[in-house]
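These numbers come from a predicted model, not from an experiment.
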Amino acid sequence: MMLTALGLMSGTSLDGVDVALIETDGKLVKAFGPSGYRPYSPAERSLLRRALSEAVNLAQRDARPGVLAEAERAVTLAHAEAVAAFTAQNRMKPEDIDIVGFHGQTVLHRPERRMTVQIGDAPALAKAIHIPVMHDFRAADVEAGGQGAPFVPVYHRALAQSLEREGPICVVNIGGVSNITYIDGNETLIACDTGPGNALLDDFMYRTMNQAFDAEGKFAALGKADEAWIARALALPFFAAPPPKSLDRNDFATLKLGEVAPADGAATLTAFTAAAIARIIPLLPRRPRSWIVCGGGARNLTMLRMLRERVGSATVEAAETLGWASDAIEAQAFGFLAARGLKGLPLSYPATTGVPMPMTGGVIARP
């Protein structure tokens with residue numbers, strides 16, 4: 001049975017809430033619907049940055065001390081507003097949507113402590129939008145010993161199956177953190193985080209230029225990457241570890257560039273993201289023949305160029321060129337995952353998160 005699923009995603013880059021509608025049975029995607037976006041205001045982004053700092057000390061995943069309670073209310077309200085705007089704009093009623101997939105805002109991801117925390121009050125959201133909400137997708141995986149990330153690979157596979165091209169194919173999502181899904185036929189599905197995505201670069205741009213991000217990579221294009229710094233950073237144990245593996249947004253925050261011209265710093269951090277993605281190649285069964293880039297990083301032309309320089313003869317293309325809605329893919333994925341969760345289908349696998357067995361997940365909150 002096909003379901004109309006609305007996916008909501010607020011990523012580690014703290015830019016805002018993506019909304020996307022799909023029609024799916026949790027295995028195939030029958031149709032893509034419209035998508036929308038509700039940006040976080042500067043005040044909301046500042047509040048979330050404070051919440052990230054405070055979450056480091058969390059001992060219980062359901063605790064909301066201090067600013068975390070305020071941040072959770074803000075996240076819930078932003079998502080309710082995003083759904084209201086989306087349904088109004090597309091002349092939809094709550095009963096037109098079967099399920100909402102609500103990822104929430106990750107403030108802490110520490111799978112080695114069996115801990116992953118996404119803030120957002122799903123019961124309050126369900127009451128506000130009058131639609132059942134599936135949430136807390138990662139918890140079951142982490143509790144079972146998995147990495148709890150990345151969670152989009154099953155959706156990447158559904159998309160890749162529609163492409164008639166020879167594998168292996170690597171779908172790269174460059175958000176706050178970068179992750180890849182390696183797809184080779186219907187059987188081989190491998191996934192992992194590869195390293196920083198836009199988080200280090202965005203934080204650097206915010207500190208040095210008071211800009212939220214480097215639009216199209218134009219600023220990095222003016223600078224020169226410090227290859228010696230990148231080589232030292234890539235010597236960290238994480239990069240040699242085989243998949244599956246995952247990261248918290250702030251895992252590389254302690255890496256310091258030192259005194260550097262802003263354009264050179266942006267170039268170095270952009271190149272670091274590209275080099276970290278390419279570093280996964282020797283850890284995969286076969287060299288990918290094509291790389292499809294989605295997420296915010298797909299709009300960074302300098303990042304795409306730097307990735308092309310590091311992956312040899314393979315093709316590198318933005319997801320948009322294939323007719324995929326790059327900005328909406330993660331939101332679509334959580335609509336897809338909500339449909340899978342409703343049907344008890346696996347959301348994660350041993351080769352995607354390291355979980356001992358294929359795991360379903362998600363918790364339903366009803367209006």
Side-chain angles (χ1 to χ4, degrees), residues 8-18 38-83 100-129 133-143 147-149 151 175-177 193 196-208 210-213 246-256 330 334 361-363 365:
L8 306 175
M9 181 65 195
S10 174
T12 50
S13 50
L14 308 181
D15 53 350
V17 180
D18 290 306
R38 192 275 195 194
Y40 284 140
S41 68
E44 288 167 336
R45 201 173 289 130
S46 172
L47 175 62
L48 290 173
R49 287 179 189 277
R50 281 162 41 220
L52 283 168
S53 299
E54 191 140 329
V56 171
N57 303 312
L58 274 179
Q60 294 175 289
R61 65 184 307 268
D62 56 353
R64 298 291 182 265
V67 75
L68 281 163
E70 184 186 348
E72 182 159 73
R73 285 192 296 273
V75 164
T76 307
L77 180 60
H79 281 74
E81 289 176 355
V83 173
V100 168
F102 173 39
H103 177 265
Q105 182 70 55
T106 298
V107 293
L108 185 72
H109 185 67
R110 287 280 177 254
E112 71 281 2
R113 287 168 39 199
R114 304 269 170 119
M115 181 89 123
T116 185
V117 181
Q118 287 75 41
I119 59 173
D121 185 337
L125 179 63
K127 285 187 175 64
I129 64 176
V133 171
M134 181 164 280
H135 65 109
D136 212 9
F137 290 92
R138 301 181 191 271
D141 182 277
V142 170
E143 282 169 19
Q147 293 283 313
F151 248 55
V177 167
D193 288 348
N198 300 313
L200 289 182
L201 176 61
D202 289 351
D203 290 350
F204 177 82
M205 292 297 293
Y206 183 72
R207 278 197 316 274
T208 59
N210 200 28
Q211 293 177 17
F213 59 95
S246 72
L247 292 165
D248 182 82
R249 181 191 191 279
N250 292 325
D251 275 350
F252 296 103
T254 54
L255 289 175
K256 300 299 181 206
E330 284 220 323
F334 278 93
V363 179

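- Using a 4.0 Å cut-off between charged nitrogen and carboxylate oxygen, Glu44 and Arg38 count as a salt-bridge pair.
- A side-chain donor-acceptor contact under 3.5 Å links Asn198 to the backbone of Gly175.
- Remark: Arg61 CZ to Ile119 CD1 distance equals 12.5 Å, nearest 0.5 Å.
- A donor-acceptor contact shorter than 3.5 Å is absent between the side chain of Asp136 and the backbone of Val363.
- The residues Arg45 and Asp202 are annotated as not salt-bridged, no charged nitrogen and carboxylate oxygen being separated by less than 4.0 angstrom.
- The two atoms that bring Ser10 and Tyr40 nearest to each other are OG-OH, 2.8 Å, heavy atoms only.
- Smallest separation of non-hydrogen atoms from Pro196 and Leu247: N-CD1, 4.5 Å.
- Arg49 places a side-chain heavy atom less than 4.5 Å from the side chain of Asp203.
- In terms of heavy atoms, Val142 sits closest to Gly148 at CG2-CA, 3.6 Å.
- A centroid separation of 6.0 Å or more is found between the aromatic rings of Phe151 and Phe137.
- Side-chain contact check for Leu58 versus Pro65: some heavy-atom pair is nearer than 4.5 Å.
- Arg110 pairs with exactly one of Asp251, Thr116, Val117 by the side chain to side chain contact (heavy atoms under 4.5 Å, CB included) rule, that one being Asp251.
- Between the CG atom in Leu68 and the CD atom in Glu72 there is a gap of 8.5 Å [rounded to 0.5 Å].
- The distance from atom CE of Met115 to atom CD of Gln60, rounded to the nearest 0.5 Å, is 8.0 Å.
- Remark: of the listed residues His79, Arg138, Gln118, Arg138 is the sole one forming a side chain to side chain donor-acceptor pair (under 3.5 Å) with His103.
- Counted within 6.0 Å of CZ on Phe213, heavy atoms from surrounding residues, nucleotides or ligands total 12 or fewer; the atom is thus considered open.
- Under the 4.5 Å side-chain criterion, counting only non-hydrogen atoms from C-beta, Leu125 is in contact with Leu8.
- Of all heavy-atom pairs between Ala126 and Ala365, the closest is CB-O, 3.6 Å.
- Taking all atoms of both residues into account, the shortest heavy-atom contact from Val133 to Ala122 is CG1-CB, 4.1 Å.
- Rounding to the nearest 0.5 angstrom, the gap separating the CD atom in Gln105 from the CG atom in Leu47 is 10.5 Å.
- Atom-to-atom distance recorded for Asp141:CG and Arg114:CZ is 10.0 Å, nearest 0.5 angstrom.
- The heavy-atom pair separating His109 from Gln147 by the smallest distance is NE2-O, 2.7 Å.
- Electrostatic pairing of Asp121 and Lys127 does not count as a salt bridge here, judged by no charged N lying under 4.0 Å from a carboxylate O.
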